[in-house]
Amino acid sequence: MTAPFVPVAPSPRPGLLDIAPYVPGKEHAPGVAKVFKLSSNETPLGASPAALEAVRDVAGALERYPDGQALALRQAIAEVHGLNRDHILCGNGSDELLGLIAHAYLGPGDEAIVTEHGFLVYPIQIRAAGATPVTVRERDLTVDVDAILAAVSERTRVVFLANPGNPTGTYVPMEDVRRLHAALPKSVLLVLDAAYAEYVRRNDYAAGIELVSGAENVVMTRTFSKIHGLAALRVGWMYGPKAVIDVLNRVRGPFNLNALAIAAGAAAMRDRAFAEAAADFNMLWLGRLSAALTALGLKVTPSVTNFLLIHFPDVDGKRAPDADAFLTARGLILRGVAGYGLPNALRLTIGTEEANLAVIEALTAFMEG
Ligand SMILES: *Cc1c(COP(=O)(O)O)cnc(C)c1O
């Protein structure tokens with residue numbers, strides 16, 4: 001009689017060990033007194049004072065479970081954006097919503113399309129669901145709608161599109177997003193990740209609200225982590241068809257947003273003047289930094305977001321890793337983007353005036369050195 005097979009340790013589902021864990025932006029510059037973290041696209045302006053006050057109010061009642069429907073937050077989003085709150089789902093960051101979508105709509109044997117320099121959270125969630133990410137090339141660091149359509153197969157279930165893109169900072173005009181949607185099979189869910197929508201000032205850009213409203217297979221995800229300055233609290237939201245919201249409501253945790261997140265998010269959403277001023281500040285420095293870095297001979301990808309993708313010369317001592325070390329030694333922490341297929345570039349988040357001027361000064365010294 002042969003002995004039964006006895007595993008020596010618990011083993012995860014097939015494929016999970018193929019996932020490369022997400023690596024967040026660096027935070028530390030060892031030995032440097034003053035550090036500017038410009039590696040995670042956080043706002044330099046903090047959160048709305050109204051959001052901070054809301055947090056203080058809720059902090060007096062931490063023994064209470066949050067509202068599992070996040071009604072106050074959904075109501076604030078619905079009012080400000082003119083949407084039906086029944087079509088809004090909130091998440092513990094939009095990362096949670098992306099994960100819920102993958103787990104609800106993907107499984108083994110399914111494919112989901114992502115783009116060459118797309119957000120690395122997508123392939124992680126696709127693999128975690130047991131499905132296969134299919135990566136399509138971009139053109140000039142911009143998503144190519146035709147390349148996505150050419151990659152659609154009978155197994156395609158979801159398309160993840162960051163618009164604007166991270167780390168590129170480029171965008172796909174709404175006309176092209178519409179064309180993409182029109183040509184996709186009705187069974188394919190199009191996910192428009194509009195994490196940076198609030199920063200975009202282009203007439204031919206739209207985050208996707210109208211497209212969602214008129215279709216059964218499009219969702220738009222948004223975040224409070226960027227312009228609203230609430231990254232620490234983890235607040236995201238999604239606008240989608242009732243059927244999709246209903247599915248995700250079945251699989252999410254019952255209290256997926258904490259009470260501080262709900263209250264602060266609602267207050268931040270209603271403080272439109274704060275967000276508008278943040279967008280103005282960003283526009284000003286996006287222009288100034290782009291011009292200053294270009295004048296140094298660096299190539300900067302035109303950005304509509306709160307960050308810039310800087311390309312370094314392919315010359316000994318002047319490549320991206322050299323610049324990264326040079327800047328880090330001066331307390332300026334940018335984001336290496338080799339993991340996004342861009343080994344000779346760094347991503348710079350627009351910071352405070354002081355941080356931005358320090359970046360210009362340091363890169364001037366780097367290029368002259
Ligand atoms: C920052 C970012 C998000 C936001 O994630 P949260 O989980 O809401 O903090 C989503 N998508 C992209 C492309 C981002 O860069």
Side-chain angles (χ1 to χ4, degrees), residues 22-25 37-44 47 51 70 73 77 88-102 112-126 128 133 138 141-143 158-172 177 190-200 205 207-208 219-239 248 252-253 256-258 260-262 264-265 268-269 275 278 282 301 303-309 334-337 339-342 347-350:
Y22 184 82
V23 182
K37 184 182 173 214
L38 306 169
S39 59
S40 298
N41 295 344
E42 296 152 344
T43 174
L73 178 55
I77 296 167
I88 295 170
L89 176 68
C90 295
N92 189 249
S94 49
D95 284 350
E96 184 196 18
L97 298 167
L98 299 169
L100 289 172
I101 291 165
I113 297 175
V114 298
T115 66
E116 189 179 352
H117 307 295
F119 193 36
L120 287 177
V121 167
Y122 313 147
I124 290 175
Q125 295 296 353
I126 294 164
E138 298 190 10
L141 297 168
T142 306
V143 168
V158 180
V159 173
F160 287 98
L161 176 60
N163 194 27
N166 170 18
T168 57
T170 61
Y171 74 105
V172 182
V177 179
L190 174 60
V191 180
L192 301 174
D193 177 350
Y196 300 95
E198 294 84 356
Y199 289 109
V200 187
Y205 173 81
V219 299
M220 171 193 73
T221 59
R222 303 282 285 262
T223 184
F224 285 81
S225 299
K226 306 286 157 60
I227 207 161
H228 297 294
L230 296 179
L233 288 179
R234 317 302 303 123
V235 202
W237 61 282
M238 184 183 110
Y239 175 55
L248 301 189
R252 71 175 171 88
N256 60 331
L257 272 87
N258 69 72
L260 303 168
I262 293 169
M269 179 55 67
N282 187 70
T301 301
S303 170
V304 295
T305 63
N306 69 332
F307 58 86
L308 285 171
L309 188 64
L334 277 64
R335 178 63 164 260
V337 284
Y340 285 91
L342 299 162
R347 193 191 67 192
L348 166 70
T349 305
I350 310 295

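Any value given below was found using the heavy atoms of this structure, including those in side chains, with hydrogens, waters and symmetry copies removed. Counting starts at 1 for both ligands and their atoms, in listed order.
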Sub-4.5 Å side-chain heavy-atom contact between Leu342 and Leu141: yes

Gap separating the OG1 atom of Thr170 from the CG atom of Leu309, nearest 0.5 angstrom: 9.0 Å

Distance, nearest 0.5 Å, that separates CG of Asp95 from OG of Ser225: 7.5 Å

Heavy-atom closest contact (Leu233 atom, Ala264 atom, distance): CD1-CB, 3.5 Å

Proximity to ligand 1 by part of Glu96, non-hydrogen separation under 4.0 Å: neither

Within reach of ligand 1, part of Asp95 (heavy-atom separation under 4.0 Å): both

Proximity winner for atom 15 (O) of ligand 1, if only heavy atoms of Phe224, Phe119, Tyr196 are counted: Tyr196

Any Arg234 heavy atom less than 4.0 Å from ligand 1: yes

Heavy atom of Asn41, distance to ligand 1 below 4.0 Å: no

Please report which non-hydrogen protein atom sits nearest to [atom], along with the residue it belongs to and the distance in Å to one decimal place.
atom	value
atom 11 (N) of ligand 1	Asp193 OD2, 2.6 Å
atom 9 (O) of ligand 1	Ser225 OG, 2.6 Å
atom 5 (O) of ligand 1	Ser94 OG, 3.2 Å
atom 2 (C) of ligand 1	Lys226 NZ, 2.4 Å

Under 4.0 Å to a heavy atom of Ala195 - the qualifying atoms of ligand 1, by number: 2 (C), 3 (C), 10 (C), 11 (N), 12 (C), 14 (C)

Ring geometry between Phe307 and Tyr196 (parallel below 30°, tilted from 30 to 60°, perpendicular above 60°): perpendicular

Geometric class of the Phe224/His228 ring pair [parallel <30°, tilted 30-60°, perpendicular >60°]: tilted

Asn92, any N or O under 3.5 Å of ligand 1 N or O: no

Backbone or side-chain N or O of Asn166 under 3.5 Å from ligand 1 N or O: yes

Polar side chain donor-acceptor pair, Lys226 to Tyr199, under 3.5 angstrom: no

Distance-only polar pair, side chains of Arg347 and Asn166, donor-acceptor under 3.5 Å: yes

